[in-house]
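Notes for the one structure printed next.
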Amino acid sequence: MALPAFEAPRLRLPRAAFVSDLHLDIDRDTPRLHAFREWLAQRPAEEPIFLLGDIFEYWIGDDWTHPVVETLIDACAAARARGAAFYFLAGNRDFLVGETFAARAGWEMLPDPVTVEIAGIAFVLTHGDLLCTDDHAYQTWRAQARQPAAQAAFLAQPLPARIAFAQRSREQSRAYQGELEAPIDVNEEEVRRWLEACRPAVLLHGHTHRCAVHHYAIAGEPRERWVLPEWHDTARWLEIGPDGATWHGVTPARVEHS
Ligand SMILES: [Mn+2]
């Protein structure tokens with residue numbers, strides 16, 4: 001696959017919190033949703049929050065409203081009133097989140113990948129699914145599903161049809177994952193290609209649910225890839241600030257690559 005273009009940092013911030021893979025059901029009031037709202041209520045004032053995809057288990061269009069979605073919008077508004085800013089980069093499950101919802105929630109949409117600088121460190125942020133190039137069927141589907149025309153055609157369907165499609169997709173995804181010996185991880189060759197091209201940034205992503213700090217030597221230089229954890233019913237996040245990186249609710253594995 002063609003490498004993405006890595007640009008100069010789009011944002012420079014003194015600190016930030018990062019979460020991904022909450023997989024919130026948008027039509028069910030779950031303990032995980034409560035944990036997320038609690039977490040939002042406890043954010044320090046003026047800490048930007050990066051949502052690196054799969055915040056929702058699925059999303060079928062901004063025109064589908066539900067009380068659960070409204071409570072989430074309210075929680076984001078309360079956090080913003082205390083000085084938080086939200087940045088959202090879509091995952092493979094919530095890539096249909098659109099400008100209408102983002103404006104209501106106060107989320108600024110970011111492309112995938114995007115370069116930012118936090119506390120003086122350059123990071124390339126990506127959801128992570130682009131790195132899983134061993135999953136050929138998924139990558140083919142992804143390329144089609146991300147076409148604006150395909151998205152417009154899907155969103156033009158009546159809501160009941162989209163809801164039924166989302167339910168079918170979830171069942172198929174579970175069946176597909178069940179057939180695999182282990183969930184598909186990133187392709188390490190692809191990771192190295194990205195690291196070579198985005199020097200000297202740290203690659204930061206979620207998606208695989210394999211929370212870790214990976215160490216590489218690329219062209220003789222030490223480089224790193226950080227993987228965010230998925231959520232269960234408690235908050236798990238990464239905080240980066242003047243004192244460095246702190247992982248909350250999880251201890252990342254340390255992985256050395258020769
Ligand atoms: Mn994902």
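Here the structure is a predicted model, which is why all the values come from computation and not from measurement. When a residue number appears, it is its place in the shown sequence, counting from 1. Whatever order the structure lists ligands and atoms in, that order sets their numbers, starting from 1.
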Is D54 close enough to the Mn ion (ligand 1) to have an N, O or S atom under 2.8 Å?
yes
Would you kindly say whether R225 and Y216 are connected by a side-chain donor-acceptor distance under 3.5 Å?
yes
Taking 4.0 angstrom as the limit, do R104 and E70 come out as a salt bridge?
yes
Is there an N/O/S atom in N92 at a distance below 2.8 Å from the Mn ion (ligand 1)?
yes
Provide the atom name of the closest N, O or S atom of H207 relative to the Mn ion (ligand 1).
ND1
Would you please say whether a donor-acceptor pair under 3.5 Å links the side chains of H248 and E239?
yes
Could you list all the salt bridge (Lys or Arg N to Asp or Glu O under 4.0 Å) pairs where at least one residue sits in residues 240-258, not counting sequence neighbours?
R254-E256
